[in-house]
Each structure stands twice: as structure tokens, then as C-alpha cells.
Amino acid sequence: MNKIYENLWEDSLEKLKIGNKKYCNGTSIGNVSENIRKETFENGQFPFAVVISCSDSRVIPESIFSASIGDLFIIRVVGNVVDSTVTASMEYAIGHLNVPLVLVLGHTACGAITAAINGNATGRIKETIDKISSVIGDEKDDYKASVINVNANVKAVQNAIANDYPQVKVIGAIYLADSGIVEFID
């Protein structure tokens with residue numbers, strides 16, 4: 001891996017960790033001021049990480065990581081499942097915005113994971129839940145199933161970008177919805 005990119009993704013990961021500590025301590029929120037809004041409008045966005053997160057309304061990556069406007073490129077989708085639309089969005093951030101880190105962020109108390117565990121999805125969401133079910137198998141523990149799902153989607157991202165963007169680091173994490181702590185998965 002290129003040393004420059006290695007340092008970039010390591011710096012990005014450290015920013016996420018520091019931001020989560022601030023969030024958990026209630027000591028900081030990101031800059032969402034009029035000035036930063038104008039700055040990013042006039043000069044563009046320069047996010048330091050892509051976050052593929054569940055669309056659950058309790059999971060707010062910008063808040064969880066105390067991020068400012070322009071810091072994170074967020075892709076939200078039920079169950080943080082990687083599909084072609086997610087991949088296209090991610091490739092835009094990597095290819096055009098030079099983002100060095102992709103984080104797949106699952107969470108506890110996830111409705112998609114619960115539906116996969118219980119096998120009770122209907123309607124249009126069933127296709128996505130079926131993808132999760134095929135990954136988690138017979139796992140019934142919410143936390144373990146979330147980790148399995150995140151790891152599968154980390155692999156999906158790695159496979160999608162391996163040839164074109166081998167310098168980009170892809171990691172997984174679980175947001176503990178009750179405490180606000182993010183556990184990074186090795």
C-alpha cells in the first residue's frame with residue numbers, strides 16, 4: 001500500500017475515533033455553521049471517510065463522529081447492505097473526492113437484522129432482508145448477527161474496489177445504540 005494513502009486512512013480512522021469519544025462525552029458536535037456551509041458550497045467537499053450506514057433514524061453518522069459539514073460522505077441504506085447503488089456512490093467519493101477510508105457501520109437493535117433473524121420480512125424490503133439472512137445464517141444473537149453482516153459488507157466493498165482502488169482501506173464497526181460507543185472491528 002502506498003505510504004501516503006496509509007497515513008491518510010490512519011489519520012481518518014483516528015478522526016472517527018476521537019469524534020466518537022467527543023460524542024459519547026457530549027463535549028462536541030461538528031461545525032454546521034453558516035460559515036462552513038458557505039465554505040463547502042464555494043470550495044467543494046473534502047470528506048475524509050465514506051460511511052456506509054443503516055438508514056435507521058437513531059444512527060446519525062455525522063453526530064456519532066462529531067463531524068462537520070463536508071467531513072463524511074454518508075451512504076445510508078437499510079441494514080448497511082452494499083448493492084450496486086451503494087457501490088456507485090462509494091466509487092464517486094473514492095474516485096472524485098479521493099477519500100482514503102470506507103467504514104461499514106452496523107448497529108445494535110437493527111430492525112433489518114431482527115427481521116433477518118426472525119424471517120418475517122415482506123414487501124419490497126424482503127430482498128434486502130434475504131441478503132442479510134443468507135449472510136447471518138442461523139445466528140440469533142443481535143450483536144453477533146450485526147457483526148457478521150458488517151463483515152460481509154466490508155468484504156463486498158473490498159471486492160468491489162480491489163482492482164481500481166487498492167490503496168483505500170475498508171473497515172467495519174458496530175454502533176452500540178444504547179451507549180453511543182462505536183466498536184471498530186479488526
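Just so you know, these numbers use all the heavy atoms, side chains as well, and skip hydrogens, waters and symmetry mates. No experiment lies behind these values; they were computed from the predicted model shown.
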Could you walk me through whether Leu176 and Val182 pass side chain to side chain contact (heavy atoms under 4.5 Å, CB included), step by step? CA-CA 6 Å; Leu176 306 178; Val182 173; over 6 Å; no
Given the rule in the side chain to side chain contact (heavy atoms under 4.5 Å, CB included) test, do Tyr143 and Glu183 qualify, once you have shown the distances and angles that lead to the verdict?
CA-CA 11 Å; Tyr143 177 82; Glu183 292 181 347; 2.5 Å; yes
Exercise. Where do Ile113 and Ser146 land on the side chain to side chain contact (heavy atoms under 4.5 Å, CB included) test, with the steps shown first?
Worked result: CA-CA 7 Å; Ile113 296 293; Ser146 293; 3.7 Å; yes
Start with the C-alpha distance between Thr108 and Tyr175, add both sets of side-chain angles, then the distance that settles side chain to side chain contact (heavy atoms under 4.5 Å, CB included), and finish with yes or no.
CA-CA 6 Å; Thr108 56; Tyr175 171 67; over 6 Å; no
Candidate pair Tyr165 and Gln158, rule side-chain hydrogen bond (donor to acceptor under 3.5 Å, both in side chains), full reasoning: CA-CA 9 Å; Tyr165 305 104; Gln158 289 169 333; over 6 Å; no
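Val102 places none of its side-chain heavy atoms less than 4.5 Å from the side chain of Lys169. At a threshold of 4.5 Å between non-hydrogen side-chain atoms, the residues Ser53 and Asn80 do not count as touching. Contact check for Ile185 versus Asn151: side-chain heavy atoms found under the 4.5 Å cut-off. Looking only at side-chain heavy atoms (C-beta outward), Pro47 and Val99 come within less than 4.5 Å of each other.
Side-chain atoms of Asn25 never come within 3.5 Å of backbone atoms of Thr27 as a donor-acceptor pair (strictly under, hydrogens ignored). Side chain of Asn118 to main chain of Thr114: a donor-acceptor pair is present (N/O by atom type, distance under 3.5 Å, no hydrogens or angles). A donor-acceptor pair is defined here as one N or O able to donate and one able to accept, closer than 3.5 Å; no such pair exists between the side chain of Asn20 and the backbone of Phe65. Ser68 contributes no side-chain N or O that, together with a main-chain N or O of Gly30, makes up a donor-acceptor pair within less than 3.5 Å.
Remark: Ser133 OG to Glu139 CD distance equals 12.5 Å, nearest 0.5 Å. Taking NE2 of His96 as the start and CZ of Phe73 as the end, the distance is 10.0 Å to the nearest 0.5 Å.
Counting all heavy atoms, side chain and backbone alike, Arg76 lies closest to Pro61 at NH1-CD, 4.2 Å.
Within the structure, salt bridge (charged side-chain N to carboxylate O under 4.0 Å, His left out) contacts touching residues 38-47 (residues at least two apart or in different chains) are Glu34-Lys38.
Note that Lys17 lies in the cation-pi zone of Phe184, set by a 6.0 Å cut-off to the ring centre and a 45° limit from the axis.
Side-chain polar atoms of Asn31 and Ser33 form a donor-acceptor pair below 3.5 angstrom.
Just one residue in the list Leu16, Val150, Asn153, Val59 forms a side-chain contact (heavy atoms from CB on, under 4.5 Å) with Leu105, and that residue is Val59.
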